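Below is one structure; the comments refer to it alone.
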Amino acid sequence: MKKISGRKKSLALVLCLSFTMTLSACGGGNNNAAPTDPPAATVSPTADNTEEATNAPSAELSGSPLDLAMKGEYKGTKVTMFGPFVDADQVKFESSIKEFEEKTGIDIQYEGSKEFEATINIRVDGGNAPDIADFPQPGLLASIAKTGKVIDLTSVLDQDKLTANYNKSWLDMSTMDGKDGKIMAGIWNRSNVKSLVWYPKKQFDDAGYKVPETWDELMALTEQIAKDGDPAWAIGIESGAATGWPATDWVENIMLRTTTPENYDKWVKGELPFTSPEVKNAVEIMSKIWLNKDYVYGGAKSIVTTSFGDAPAPMFTDPPKAWFNMLGNFITSFFPETAKVDQDYDWFYLPPIDAQYGKPVLVAGDIYAMFNDRPEVRAVMEFFTTGESIKSWVQSGGVIAPMNDASLDWYTSESDRRMAKLVQDASTLRFDGSDLMPGKVGAGTFWKGMTDYVSGTATLDQALEQIQSGWNN
C-alpha cells in the first residue's frame, strides 16, 4: 500500500586513486547547484622525487565521497532532504542518520510531510527541489525523472559496489526513463515485503499442519482445514476510500508466479492490458480461494465489508476461527498487542505456482533520488546505499534492509531475519504494481474493479474491462 544472510562489512577506504579519478568522482551533472570539487591532493616530498612519487595523490585525501566525508572533508556542510516520514517514522529515520552526522559533520536537514506526493512536484517544478527526496511510490519518481531534473546516479555511485550490495532486481527497478534515455534514478533504502502468509504458529503446529512449499500443497491444506471445520483464510479489503487495495497485492503476487517478469513490467506500464489472458488467469487463480465459501471466513461477501486491519483477528481466537492472512509485514501492527512473534504467530512464503518463474517476491519501499550534485550530497547518497544507514531502524523492527551488508544479527526476531534472507535470495523482486501505475488506474479503477468483482456486482470480464478503462481514458 502507499504507504535482507547479510555479512557485516566495514566501509573500505579506497587508497591510491589517481587525482583525476578523484575529481571525476565528485563532478558530474548539475541541476540546481554547482558541484564543489574536494580539495586538491597534496604531495609530500620524497627522497628520489621521481615522477611517480611527484604525481601520487595524498592517501589522506583520496577515496569516494563517503570516504572523504568520514575523514571530515565536508564538515559544516548541509544536505536537505524531503520525504513522507512523519511522527514515529521521522524519529526512527533521524535516529538512523544521527551517528553519520556526528562522524562526518554533515547536517542532514530532513523535512517530512504527509502531503509529500503533492508537494514534491511543486518544489521540483518551482526550482526548489531538495538535495535528496524519498519516494515511497517509484511511479511518482519515474514521472519526474522524465523531466531531466533527477540526477543520473550511474556515474555518481560506484556501480560495482552497488552490484555487490543489492539483488539485481533492486538495481533494475531503479532504472527509469530520463529526458534523454535510461538513467539510474535512485537508490533503495527501506523495504517492506508483500509475499507473506501469516498464521497462528502455536495452534498451527499443535494441529499437525505443515507449511506448504508449493501452490498445490497450499490448496490441499486449504481444503484440509475446511474439512476440519474451519475456513482457512481471513481476508478483508475494506479501507475507506482505498477499499480494494489488498486485492491488488494478491493479483500482483500471482502474476509474478504465473508469467514472466517482463510481462509483469509490461502490465505495470499499461502495455499488457488487464483484459489479457495473463491477468485474467491470475484473478481466476485468486478466485479459487476468494470465492469459495468454505475457504474464507465470513464468505466472499464479507471480504468487501471487512477492514483489512480487522481481517486477521479470527486467527487469534482460541481455537482459531481462521488460519491464514496474506498481507505485507506491516500488518503485524494490527495483531493483538499480547501476541508474540515466533511464538503466537509466524509467516510462510506464498508458494510458487509455476516452477519456471522461481521464487519471486513482491515488495514495497523507499527509493531516494538526488536533485542537486555536490560532494556532500554524493557522500550522503553513498551512505544510504549501506546497511549501516538503516541499522537502528532495522533493530527497532518493522522494516527490512534491501542491502546485502545488513547483518541478519541486527533483526530482533527470527521472523524478520527470515524475511530479510527471503528478499536477499529472491529469484525476482518486483515493486507493488498498483503503486507503479498511474493513480487513476493503480489507486482508481484497479481498486474499484476488484471490489465490484468480489462483491458480485460485476463479472470478471466486466471488472477487467472496467479496470482497463483507467488506462484507456
Side-chain angles (χ1 to χ4, degrees), residues 1-3 194 197-198 218-219 222-223 225-226 230-255 257-258 267-268 270 273-315 321-328 330-331 334 350 362 432-435 437-473:
M1 194 179 174
K2 314 302 178 199
K3 206 294 46 12
K194 291 195 163 193
V197 179
W198 300 93
L218 175 66
M219 294 304 295
T222 296
E223 176 64 18
I225 292 174
D230 292 319
W233 293 89
I235 305 172
I237 64 172
E238 192 279 325
S239 186
T243 293
W245 73 259
T248 69
D249 283 6
W250 274 75
V251 177
E252 291 153 4
N253 266 295
I254 296 174
M255 282 287 288
R257 287 159 175 73
T258 55
W267 173 54
V268 166
F274 274 85
T275 52
S276 69
E278 291 86 352
V279 181
K280 184 176 182 179
N281 176 59
V283 181
E284 288 176 335
I285 290 174
M286 183 190 87
S287 301
K288 291 179 180 179
I289 292 175
W290 284 46
L291 302 187
N292 188 319
K293 63 181 178 60
D294 295 328
Y295 291 173
V296 178
Y297 182 78
K301 297 285 186 179
S302 71
I303 294 176
V304 176
T305 58
T306 301
S307 167
F308 74 91
D310 294 337
M315 297 194 309
K321 296 178 181 177
W323 295 81
F324 304 142
N325 177 261
M326 203 283 285
L327 275 178
F330 71 89
I331 194 60
F334 293 89
L350 184 69
L362 185 70
D432 182 300
S434 62
D435 280 355
M437 296 173 185
K440 62 183 179 181
V441 181
T445 56
F446 199 176
W447 291 355
K448 188 177 187 306
M450 293 307 300
T451 300
D452 289 349
Y453 171 59
V454 176
S455 67
T457 60
T459 65
L460 178 53
D461 288 337
Q462 290 171 338
L464 295 176
E465 289 173 2
Q466 175 187 343
I467 300 171
Q468 183 61 28
S469 70
W471 284 106
N472 298 337
N473 294 330

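Quick caveat, the model's predicted, so the values are computed rather than measured.
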(message) I want to check something: taking the side chain as every heavy atom from C-beta on, are Lys301 and Ser455 in contact at a cut-off of under 4.5 Å?
(response) no
(message) Give me the atom names and distance for the closest heavy-atom approach of Gly449 to Ala463.
(response) O-CB, 3.5 Å
(message) Quick one, Ile235 and Met326 - any side-chain contact, counting heavy atoms below 4.5 Å?
(response) no
(request) Look at the side chain of Asn292 and the backbone N and O of Asp294, then say whether any donor-acceptor pair between them is shorter than 3.5 Å. (result) yes
(request) Taking Gln462 for its side chain and Thr459 for its backbone only, find out whether a donor-acceptor pair lies under 3.5 Å. (result) yes
(request) Heavy atoms only: give me the nearest Val279-Pro273 pair and the separation to one decimal. (result) CG2-O, 3.5 Å
(request) Report yes if the side chains of Ile285 and Trp290 come closer than 4.5 Å at any heavy-atom pair, otherwise no. (result) no
(message) Show the nearest heavy-atom pair for residues Leu362 and Asp249, with the distance to one decimal.
(response) CD2-O, 3.9 Å
(message) Parallel, tilted or perpendicular: which one describes the rings of Phe308 and Phe334, with boundaries at 30° and 60°?
(response) perpendicular
(message) Does this structure show an ion pair linking Lys194 with Asp432, if we count only N-O contacts that are shorter than 4.0 Å?
(response) yes
(request) Measure the spacing between OG1 of Thr243 and CE of Met450 and express it to the nearest 0.5 Å. (result) 13.5 Å
(request) Kindly give the heavy-atom pair with the smallest separation between Ser434 and Thr248, and that separation in Å. (result) OG-OG1, 3.5 Å
(request) Kindly determine whether Thr275 and Glu465 satisfy side chain to side chain contact (heavy atoms under 4.5 Å, CB included), including the steps that lead there. (result) CA-CA 6 Å; Thr275 52; Glu465 289 173 2; 4.0 Å; yes
(request) Check whether any side-chain heavy atom of Glu238 lies under 4.5 Å from a side-chain heavy atom of Thr305, and answer yes or no. (result) no
(request) Could you tell me which residues satisfy ring pair (Phe, Tyr, Trp, His ring centres under 6.0 Å) with Phe274, sequence neighbours excluded, listed by chain and number? (result) Trp267, Phe446
(request) Measure the shortest side-chain to side-chain distance between Ile467 and Lys448 over non-hydrogen atoms and say whether it is less than 4.5 angstrom. (result) no
(message) Does Lys321 form a side chain to side chain contact (heavy atoms under 4.5 Å, CB included) with Asp230? I'd like the steps, not just the answer.
(response) CA-CA 6 Å; Lys321 296 178 181 177; Asp230 292 319; 5.5 Å; no
(request) Starting at CZ of Arg257, measure out to CD1 of Ile254 and round the result to the nearest 0.5 Å. (result) 8.5 Å
(message) Counting C-beta onward and ignoring hydrogens, is there a side-chain heavy-atom pair between Ser287 and Tyr453 closer than 4.5 Å?
(response) yes
(message) Within the 4.5 Å heavy-atom criterion, are Leu327 and Asn325 side-chain neighbours or not?
(response) yes
(message) Do Asp452 and Gln466 have side chains that approach each other closer than 4.5 Å (heavy atoms only, starting at C-beta)?
(response) yes
(request) Please confirm whether Trp233 and Tyr295 have ring centers closer than 6.0 angstrom. (result) no
(message) Test of understanding: with side chain to side chain donor-acceptor pair (under 3.5 Å), list the residues that count as partners of Trp198, not counting sequence neighbours.
(response) none
(request) Please name the pair of heavy atoms, one in Asn253 and one in Leu350, separated by the smallest distance, quoted to 0.1 Å. (result) CB-CD2, 3.7 Å
(request) Write down the atom of Tyr297, the atom of Ala322, and the distance for their closest heavy-atom approach. (result) CB-CB, 4.1 Å
